[in-house]
Amino acid sequence: MYVRGTVAGEIDVRSVSTTYGETDLAEVPLVLEEVGDGERADGVVTETPTDAERNPTTVTLWNKWTESAALLEPGMELLVTDVGEEEYRGETRYATTGDSYVVVEPTFLVNVTSIRNWVECPRLYYLNKLSGVPLNYPVVKGTIVHEVFGDLLRGRDLEDAIDARIEERGLELGLLGESSEAVAEDVRENAAAIEGWLEQGRLTETDGANRTTADDDPERPFAPAESSWRSEQLLISETFGIRGRADAIRRGAPVELKTGKNLRKEPRFKDKVQAACYALLLEEHGGDVDTGTLLYTKNSALDRNEETGDLTPAKEFSMGNGLLQFVVRLRNEIAAMEIDGGVPTGYEGDAKCEYCFEQDTCMVVSGRLDQESKAGQIGRPLPPEEREYFERTYRAIEEERREVHREYAKLWEQDAEERADDDRALVDLEFVGKRPLDGGRWELRARRRTGATSKLREGDLVLASDGHPVRGQSELARIERLDDDAVVLTADEAVEVTRMDVYPSELTTDRLLSALHDFLLKGDDRRKDVLFGRADPEFDPVEETFVDNNDAQNEAVSNAVGASDFALIHGPPGTGKTYTIARTVRALVDRGERVLLSAFTNRAVDNALEAVLEQLNGAVEDDRVVRVGSESGVRDDMEPYRLERAGEPATRAAALEDARIVAATTATCGSRVMKEQSFDVALVDEAAQLTEPGTFAAVTLADRFVLVGDHEQLPPVVRAENDLTESLFERLVERYPDAGVMLDRQYRMNQRIQAFASTEFYDGRLRPATPEVAGRTLDDLEGVSRDDLPESIRDPVAFVDVEGDESRYTDTAEAERIADLVRAYEEAGLDRSRIGVIAPFRAQVSEISTHVPSDVAVDTVDRFQGSSQEVIVVSFTATGTLEGPIFEDYRRINVALTRPKRALVLVGDPRALKSDPVYRRMLEWAGR
DNA sequence: ACTCTGCTGAGAGGA
């Protein structure tokens with residue numbers, strides 16, 4: 001039986017005398033949310049307390065669990081497994097038993113590596129999180145050896161595996177100056193130890209007896225028995241709040257591979273702790289684990305010379321309850337500290353600083369951020385405003401991380417039905433079949449039974465499961481193909497997929513954190529002076545005309561080229577932002593600069609790169625323009641420029657290092673490979689949609705930077721409500737208006753259409769670039785005559801009254817009316833592929849889609865940003881009143897109203913729209 | 001209350 005609830009008050013920790021002597025206990029007042037009859041958190045809930053019963057129950061935590069009790073604060077979540085129940089003065093109380101685990105904030109998922117770092121030194125955990133691990137050879141080699149180990153377990157030939165894995169990491173190895181041959185030799189030594197040990201295992205009776213499937217499988221003749229081995233399994237525990245990926249599992253017990261040195265007989269303690277984490281994860285998945293194996297691949301030769309004559313690099317050890325519970329307490333320390341927003345000092349553990357590799361880094365970070373630390377501080381602290389900025393931004397990023405953790409929690413909190421309504425999963429799959437691939441991986445196929453929509457896309461990582469992503473068999477898989485009726489995945493193991501869930505990744509938050517760190521602690525002082533307002537940005541005047549017939553664009557390019565610190569280009573809709581970017585890049589390249597071209601989305605990076613290539617017109621050799629990104633992220637026509645990671649190391653490294661122009665998303669700029677690069681100038685598009693640390697990821701790679709964007713359009717997408725919602729672009733535009741140029745001539749909209757946006761959002765400064773643009777109408781298009789349109793929509797801006805229905809996020813009446821409009825335009829000779837329909841809610845988008853032909857583009861405002869159409873129809877989907885956060889951000893209507901070139905039709909209920917001043921002005925403009 | 005893009009990922013090791 002388990003209990004779960006919220007801490008409702010102060011915790012009383014004390015000692016009592018029992019028959020066994022002095023014992024510690026803590027009494028925790030807990031408002032119960034769940035009481036379950038299973039041992040773990042996935043048991044059947046027997047009792048869901050009613051409101052009347054929501055007064056705190058006392059849960060007593062005995063002995064060592066008082067250490068975890070001391071971490072608790074009112075409001076924190078607590079889970080206690082295997083509790084004992086007792087009646088005390090007429091009320092039910094609970095207490096830990098010898099088998100209990102006490103879990104603080106169980107929805108906070110702690111990585112196994114975090115626990116491993118924490119046990120070595122809590123400060124090490126913090127430093128690792130803050131700055132990430134840079135590219136270095138031992139780590140890359142270790143990774144390759146692990147991959148080869150996995151390959152061996154899946155039955156791949158040793159030499160094949162070594163060659164393939166080294167080739168895959170050609171780029172990284174090349175950047176490190178390593179040759180394939182040297183690495184192969186190195187990996188071979190480690191792998192030989194593994195193979196020898198595996199061979200030994202194969203000869204033993206137990207393993208032999210278990211060998212079934214693999215022996216019979218003609219496709220995988222060398223595979224070890226599937227029943228006794230499993231490689232690289234991703235495990236998530238909802239009970240313990242731990243997540244990790246075990247190197248291998250042998251007969252249900254974890255095997256951890258270590259390529260580092262361990263000269264002692266015993267496994268290192270942190271390695272034991274790591275294995276114990278996997279044991280906990282396996283226990284939750286129905287295992288009963290009491291031993292772990294650590295495989296030190298450098299040790300074989302050494303051990304042979306020892307007096308034992310031991311031939312094996314493997315060290316087995318037993319894991320008792322004491323170790324497992326200790327590991328959960330470590331995990332609790334991390335969770336409690338993170339929930340509290342704390343920073344570890346190092347005093348929490350007993351590591352000795354003088355033995356630590358990170359001692360210097362630790363002291364520098366402590367000194368710069370003025371943090372208390374066991375290692376002490378060196379250097380002067382950052383100015384107070386920078387420390388304040390660090391703390392605020394760090395906190396905001398950690399809140400984002402919490403939101404990712406909540407996504408995980410949903411994996412088990414939502415039942416299949418709720419999940420089906422959520423677009424983060426496809427739960428309707430029917431398993432069709434599997435096929436072995438080279439290297440022991442599998443291709444999995446499933447059929448889709450319903451037409452459910454989801455945000456899953458080809459190239460995404462998902463948790464592929466046979467029913468439940470946490471409790472069932474599940475595997476990290478990649479979506480290779482996703483059609484309306486079929487799914488193809490690749491994975492390490494052959495799961496019989498019936499469901500796939502979005503894999504919530506902390507990668508972005510990790511990268512934001514390290515970008516913040518790099519900017520503040522490793523960044524250039526001059527840049528910080530400017531960004532923190534201690535110095536003004538400087539410009540060298542450039543006497544060259546870059547753009548002939550557009551003064552603002554010309555000034556924007558000269559500004560960007562002449563900027564000593566940074567320049568800003570404010571590009572309202574249709575003002576030739578992309579052209580200006582291309583012209584700027586060209587001008588920089590002509591001056592011999594190395595340029596990083598970045599943006600938040602892959603789409604924007606590809607668009608900008610396309611324009612740059614056109615502008616270069618061969619001025620830079622094709623192979624010196626490089627697009628860094630994943631195959632699924634990069635648009636097909638940019639694939640020839642995509643940097644291949646696999647290959648001969650020196651060649652791969654040269655492909656990147658010799659590039660004059662490198663294009664990548666800001667998220668990719670935070671990758672280890674990109675962090676090794678440096679540029680003269682970073683040019684970042686869509687900068688108004690980037691968080692500050694997101695912008696830093698690109699900007700810290702260059703000496704100077706240019707931000708391009710429009711803060712009057714949509715802001716950054718963040719999960720939590722926090723300080724990340726204002727972009728660096730917007731802040732700088734406000735702080736240094738002179739550092740920016742607003743492109744004021746638009747090449748998109750008829751004058752009638754642009755009028756509202758211009759006055760409302762751009763101080764009336766936005767105007768048509770040419771008379772042609774100002775006067776463009778549908779009549780200009782071949783075969784189209786406005787005279788054939790109904791009177792009501794003949795004007796370039798029209799309003800169509802619809803009474804609307806009462807439902808909140810959809811409006812069938814509007815959808816039907818929109819279908820009529822589409823027909824009317826078609827009858828007037830317009831091809832319907834030139835019509836776009838925009839709605840605020842996704843539900844209304846799908847409602848409209850059922851009413852109009854599929855070649856009409858229907859989408860949300862957010863997704864229409866950056867594109868345009870001849871005709872745009874906007875469905876407001878609000879009846880009676882205009883309530884809801886979606887309407888509060890006026891930047892959203894700015895985007896919607898500035899998409900069309902020749903005609904705009906607003907469809908909605910005027911009564912609702914009139915209730916807000918901005919929308920009322922919009923109605924007036926639309927002639928209603 | 002709603003909108004929603006990134007990312008191979010988690011762990012790889014140095015005494």
Side-chain angles (χ1 to χ4, degrees), chain A residues 111-114 116-117 120 128 132-133 135-147 168-169 172 232-235 243-247 256-264 268 270-271 274 298 354-358 404 423-424 455 457 459-462 476-479 490 502-512 599-605 629-633 645 664-672 686 689-691 694 697 714-719 808-809 839-845 859-865 877 883-889 891-892 895:
Chain A
N111 268 347
V112 171
T113 32
S114 298
R116 177 184 149 97
N117 283 336
E120 193 170 3
N128 230 317
V133 177
L135 192 63
N136 65 34
Y137 178 63
V139 168
V140 176
K141 187 197 79 182
T143 308
I144 295 172
V145 173
H146 276 75
E147 286 166 343
E168 276 172 23
R169 298 201 174 259
E172 284 163 289
E232 291 174 59
Q233 191 179 9
L234 175 77
L235 296 156
R243 171 190 52 170
R245 194 166 180 165
D247 286 344
E256 245 324 279
L257 182 68
K258 294 293 165 198
T259 50
K261 280 202 193 93
N262 176 15
L263 302 172
R264 286 181 295 162
R268 281 175 301 205
K270 61 179 178 180
D271 296 341
Q274 186 175 6
K298 261 195 186 165
E354 56 264 41
Y355 300 149
C356 179
F357 288 101
E358 303 294 342
V404 177
D423 60 356
R424 290 177 189 82
K455 62 176 291 186
R457 287 176 318 184
D460 282 357
L461 273 181
V462 290
L476 201 56
R478 176 166 305 281
I479 304 179
T490 49
V502 169
Y503 178 70
S505 167
E506 286 179 48
L507 189 93
T508 321
T509 41
D510 288 343
R511 289 194 178 167
L512 290 181
F600 180 50
T601 61
N602 275 308
R603 194 176 63 165
V605 171
S630 64
E631 200 187 333
S632 57
R645 293 199 275 198
T665 58
T666 47
T668 298
C669 288
S671 68
R672 255 191 321 206
E686 287 187 337
Q689 285 184 77
L690 277 165
T691 59
L714 294 169
V717 171
V718 288
R719 295 167 199 265
R808 181 136 219 184
Y809 304 121
F841 308 111
R842 286 244 299 276
Q844 177 69 350
V845 167
D859 227 322
T860 55
V861 186
D862 302 61
R863 291 200 207 191
F864 250 103
Q865 176 150 325
T877 328
E883 273 175 30
I886 196 113
F887 297 108
E888 281 166 18
D889 195 338
R891 289 174 288 195
R892 199 165 262 116
V895 174

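Sequence lines set the chain letters: A, B, ... in the order given, protein chains first and strands last, and positions in each chain run from 1. On a predicted model such as this, the values are computed, not experimentally measured, just so you know.
- Taking atom P on both B/dT8 and B/dC4, the two are 23 Å apart, rounded to the nearest angstrom.
- Distance CG (A/Leu235) to P (B/dG9): 18 Å, rounded to an integer number of Å.
- Looking only at side-chain heavy atoms (C-beta outward), A/Ser671 and A/Thr668 come within less than 4.5 Å of each other.
- A donor and an acceptor atom never sit less than 3.5 Å apart when one is taken from the side chain of A/Glu147 and the other from the base of B/dG11.
- Between the CD atom of A/Glu354 and the P atom of B/dG14 there is a distance of 21 Å, given to the nearest Å.
- Counting atom types as modelled, A/Arg116 pairs no side-chain N or O with a base atom of B/dA12 as donor and acceptor under 3.5 Å.
- Residue A/Asn111 is tested with A/Glu506, A/Arg116, A/Arg245, A/Arg243 for a side-chain hydrogen bond (donor to acceptor under 3.5 Å, both in side chains); the sole match is A/Arg243.
- With rounding to whole Å, A/Phe864 atom CZ is found 15 Å from B/dT3 atom C1'.
- OP1 or OP2 of B/dC7 lies within a sub-4.0 Å distance of a side-chain N or O belonging to A/Thr668.
- Nucleotides B/dT3 and B/dC7 place their P atoms 23 Å apart, quoted to the nearest Å.
- Checking the phosphate oxygens (OP1, OP2) of B/dT5, no side-chain nitrogen or oxygen of A/Arg457 falls inside 4.0 Å.
- Below the 3.5 angstrom threshold, one finds a donor paired with an acceptor across the side chain of A/Arg892 and the base of B/dT3.
- Distance CD (A/Gln274) to P (B/dG13): 8 Å, rounded to an integer number of Å.
- Side-chain atoms of A/Thr113 and base atoms of B/dG11 include no donor and acceptor less than 3.5 Å apart.
- In this model, the phosphate group of B/dC4 is approached by a side-chain N or O of A/Arg842 to a distance below 4.0 Å at OP1 or OP2.
- Within the structure, a side-chain polar atom (N or O) of A/Arg863 is placed less than 4.0 Å from OP1 or OP2 of B/dC4.
- Taking 4.0 angstrom as the limit, A/Tyr137 places none of its side-chain polar atoms (N or O) nearer than this to OP1 or OP2 of B/dG13.
- The distance between atom CD of A/Glu506 and atom P of B/dT8, rounded to the nearest whole Å, is 16 Å.
- When the P atom of B/dG9 is taken as reference, atom CG of A/Leu461 falls 5 Å away, rounded to whole Å.
- Spacing between atom CZ of A/Arg672 and atom P of B/dG13 amounts to 12 Å, rounded to whole angstrom units.
- When all heavy atoms are compared, the tightest approach of A/Ile886 to A/Arg892 is O-NH1, 3.6 Å.
- Between the side chain of A/His146 and the backbone N or O of A/Asp247 there is no donor-acceptor pair closer than 3.5 Å.
- When the side-chain nitrogen and oxygen atoms of A/Thr259 are compared with OP1 and OP2 of B/dG13, one or more of them lie within a distance under 4.0 Å.
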